[in-house]
Each structure stands twice: as structure tokens, then as C-alpha cells.
Amino acid sequence: MTIAFFIIFLFLSIVSYGFIDPNLILSSHPLVISFIKPLFHIVYQQRLFTAGLFFIILLTQFFLFRKIFINSQRVFPSIQSLFKYLFPLACILVISYPMVSYDLFNYMTTAKVTFTHLENPYIVMPIEIANEPNLFFTRAANKLALYGPIWILLTWIPHALGMGNIWQTIISFKLMSAFWYLSFCFLVWRVTKNMKNVIFFALNPLVLIEVLVVGHNDLVMMALSLSGILLWESKKLVNRISGLMLLVFSMCIKGATVVLLPLLFLRKFSRDKIFLLASFLLLILFIIAGPIREELYPWYAIWFLSSASFLSYPKYLWFWQFGIVFSLGLELRYIPYMAMGYYEGPGPMLRTVLTIIPVVVWGLWKLKNFQISKIKKS
Amino acid sequence: MYSKEREEYMRTFLLNVTISIFLLFVICHLSFVRAAYMLPYPSYMPGNRLYAVSRMIDRMKKYWYFGAISQVKYHLELSDKYLVEAKTLFEYKQYMLATDALLRSTEAFQALEDDIRRGVDQNKDMTVFVDEIEDAGSVHQEVLLSLKSSTPETFLWTPEKASSSDLFLSKEFDYAYDLISSTVEKVKQL
């Protein structure tokens, strides 16, 4: 089961290089070119096949994830065994290509504007540096920095490690994501001491794809804010101040965690209730504010999934189940673009339908189970 | 018959001319309309309680606008702002304050040369900004000419508690005009 899960992600990591931007040359080495060329041909020429393949990969990943989650005690008898599994898994995903989103390139180019060109990214758009080579493959280059100053400062590390090489920079950025991912998984274990909680988050295919394949920064924001909330519970003033600072830092990455501020005043609430409220607030923000701003981006699900991973098991299993089916629905949103090559036309409608279907099926299944148990009781 | 033929000839001629002009515009992207460089609305003026705050923010912004391109934006913004301030003050015949604002505007414009040089030294393509400075320069000069024509050449400034002094307004305009010209020329050569 775990081997199959590993192999399917290894396969995804290989296939991801087919999604390389046509204007991006990672390396001119013949071996690299001969590796990427056939994959590139499949992804850009055989769109329906690619979409179908991605669909099968996703279904397999979620199926195996469910299996591992159910048999977690048997599969991972100790936390060490889980981390021994997560580490190589993170490694193979770190070397993958950020296939379904261009955000990583945006982070890279913004870091370059700041640390190489020494320009204020809140004043100068990447596109204003007309001879910047990253513009060939960066999208949203006509926008000022989209993230807060803490994120910009953090990007100095992978930017410096990248040493001007694009591939090296991509991997450096994802190494940073992997660091936050493993740290957050450890935090979940440290707080809950429950393997199910760690597995719920760590092996969720959406988390693995969005954090380790695509390299989104949402987990950095969430790790800081949730650590902040946990520290805020302490009675020591130093810890509480540190907690508040972490929450403020997280808001200085993305503003989304500002919705968690009211939770600081609910001192009498139990940890479970705080995290349930946090999950709901982040879920509502994701569902309502996401489409108002732009659209329902799958990586925003990390907000509520990370928070939900602190909930008690099996008390809030229903919320986890919802989180998992919703994750599947959100990842399916990539399929219309893969099949068609454009976002417009029937794309928005198809994306909505694909997102809703797994949730509706799960809802009906839940309703059926509820009715059966009701009949049995009566 | 003759007039009908002539009419037909004229119609064909006009049609050909119309098509030719259309093609000329489409193929050569010819346009008589040029996106004009826009000056901002006047900000807080001297005498307003927030004027000092606004000036302080202007000074602080210098550190926020780090980087060669950012500095171009900063100095251009500042130069525009102070020119509009000067224009308004000249219109209200507040010549002493107006000349001070004009001097600040010119100084900010002059600083653009160093900003562009810095950008070029850092291997940044500054062409867009050079064009923008050129556009800004011509708009500034236009404003200066119009102010010069509506302002006396000299003005005797008599403050309440000090001796009076002559303000050579015309010379101030000429000085600002020449400085803008020379800055634009220098920037274009970089």
C-alpha cells in the first residue's frame, strides 16, 4: 500500500516535467532534453490523454490514501516509521516540476526583483524590468508583490541557494516547502500524539501536490498561525507574546489568517473547539472570499486542512472525511484545463461540477449510512 | 452624362482614398492620439495642517522607494506633485511659496538622471522610463511656459517682519525649463 502510494507519486513527479513551460529551458544537457521532450509532447499534444492520466493518478492517490488512513496503526506502527516514509516521499516531490500552477515562478521572480535587482517589489512589477529573463515563463508579472514582507524575506534563502540557476532555484524553493511540511507534521504529532492526525494531513494528496509539487506558501502561513494559537494557550507571558507574534508574522505572509484573530479572545474554549472554529472560519473564507477575489484555488484548502489536523479523532472524523472528499474535488479542477488548454468556455462550469461531485456523493453516502443506523436502532 | 461620369469618378476616387487612409492607419498603426502624460491633482497646500505631514511622508518615502526603478518613480512622482503645487500657488499669486515648490520640482526632476544612470549601471533596461521622463519633461515645460505667460517677470516680495526682495519669476521659469531640457537630453544619452 505505502509502496504503491510512493510509486504513484514518483510517477507523478516524472510526468510533471511534461508540464514544463514552453519558454523555460531547465537545462541544455541532451539527457535532460531527451527526458523532457516526449513528456512535453504528450502533455501539450495529447491533452485528453493527459487529463485522463491525471484523473487516474488522482483517484489512485486518494484511494491509497484512504487505505493507508484506515490501516494507519498497522502501516505505521511508530512516528519514526512515518517520518522515515515522509522524508523520501518529500524528496521525490521536491525534485518534481511545479506542474499545475505558476505561483512558484512568481515567488522566484519577486525574490529576484527584491534581492538581485534590489528593487522594492511593492513598487516595481517584474514586467517593468524589461530585460529580466524570468519574464518568459512568469505569469502575473504585471502585478506588484502579492504576499507580505515576511514571505519576501523568507524567499531570500531559496533565492540565494538557487545561485541564479532556475532549476536549482525551483528545487531550493521546494526544499523550503518540504522543511515547513515536515516541521508542521511534527507539530501535529507533538500536539495530538495521534498517528491518524498526522496521516490525515501529511499524506493527503492535495497537501502533497500543492505543498511539495507546486510549492505553494500557504503552509508556511498556516504553520506560523497555528503555532501562534497553540502558544497563546500557554500561561507564560513570553509564550503568549511569541504566539501573538507568530500570528502576526503569518498575516505578513498572506492576510487570510487575520480571521483567526478573534480566537485569541476565546480563552475558555477547549483546544478542540478553537481548532474546529479555526477550521470553519478558514473554510468559509476559502469558499466565500476565494471566488470573490479570483476563484476557488485548490491550494487554499491547506488553510482549513492544516487546522483540522489538530481535531480529535474519531470525534471529528466527519469533518476529516469532508476535507478529504473536498480535496479530491478541488484537485479535479485541474482536469478541464489539462484537457482543453484554456480556462474559459465550459471550463468554469466543469470545474464547479468536478468539485461538487465528490462532496455530493459523500453527502449521499453519509445520509444513507445515517438512515440505515436509524432503522437499525428503531 | 459628363457630370454623371465625373460623379462616378469622384466616388471611386474618394473610396480609394478612404481605403488607403484606413490601410495606412491599420498597417502602420498610425495614430494622432498619444496617451498624454497626466499630472496629478493638487495635494495638500501650504497652510493646510496636513501639509507638513505630507512633506514628511514625501521625505520618508525616499527610503521605501529603494532601487533604481523605484527611485525613478519616486522622483517623477515628487516632481509632478511639486509642479502642480507650484502651479496652484502661482495661480493664487503666492509667488514666494510657488518658487520654492518649483525649485523642489526641478530638483526632483534633475535627480532622475542619477536614477537612470544607476539603472543602466545595474544592466536594467530603462528605455520605458527614459520615454516616460521625456513625456513628463515636455508636459512640465508646457506648464512652465503657460505659467510664464501669465505671471509678471519680477515681483517685489514684502514679508511682514523683514525687508522686501525682488523675485525674478521669469528667470526662475527659464532656469527650470532649461534644467528639464538638459536632464531629458542627458537621460536620453545614457
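Values in this document were obtained by computation on a predicted structure and should not be read as measured data. The chains referred to below are lettered A, B, ... by the order of the sequence lines, with proteins before strands, and numbering in each begins at 1.
Heavy-atom neighbours of chain A within the stretch residues 68-75 of chain B, taken at a separation under 4.5 angstrom, comprise Ala68(B), Ile69(B), Ser70(B), Lys73(B). For residues 124-143 of chain A, the interface with chain B (any heavy-atom pair closer than 4.5 Å) comprises Val124(A), Glu128(A), Ile129(A), Ala130(A), Asn131(A), sorted by residue number. Contacts between residues 165-190 of chain B and chain A, defined by a heavy-atom separation under 4.5 Å, are made by no residue at all. Residues of residues 91-119 of chain B having a heavy atom under 4.5 Å from any heavy atom of chain A: none.
Other residues, nucleotides and ligands place more than 12 heavy atoms under 6.0 Å from the CD atom of Glu295(A). Within 6.0 Å of CZ on Phe40(A) lie more than 12 heavy atoms contributed by other residues, nucleotides or ligands. Annotation: Trp156(A), atom CH2; neighbour count of heavy atoms from other residues, nucleotides and ligands within 6.0 Å does not exceed 12.
Taking chain B as the reference chain and counting heavy-atom pairs below 4.5 Å, the highest number among Thr114(A), Asn120(A), Val113(A) is found for Asn120(A).
In this structure, the side chains of Lys124(B) and His117(A) come closer than 4.5 Å at one or more pairs of heavy atoms.
Scanning all heavy atoms of the two residues, the minimum distance from Phe66(B) to Leu118(A) falls at CD1-O, 3.6 Å.
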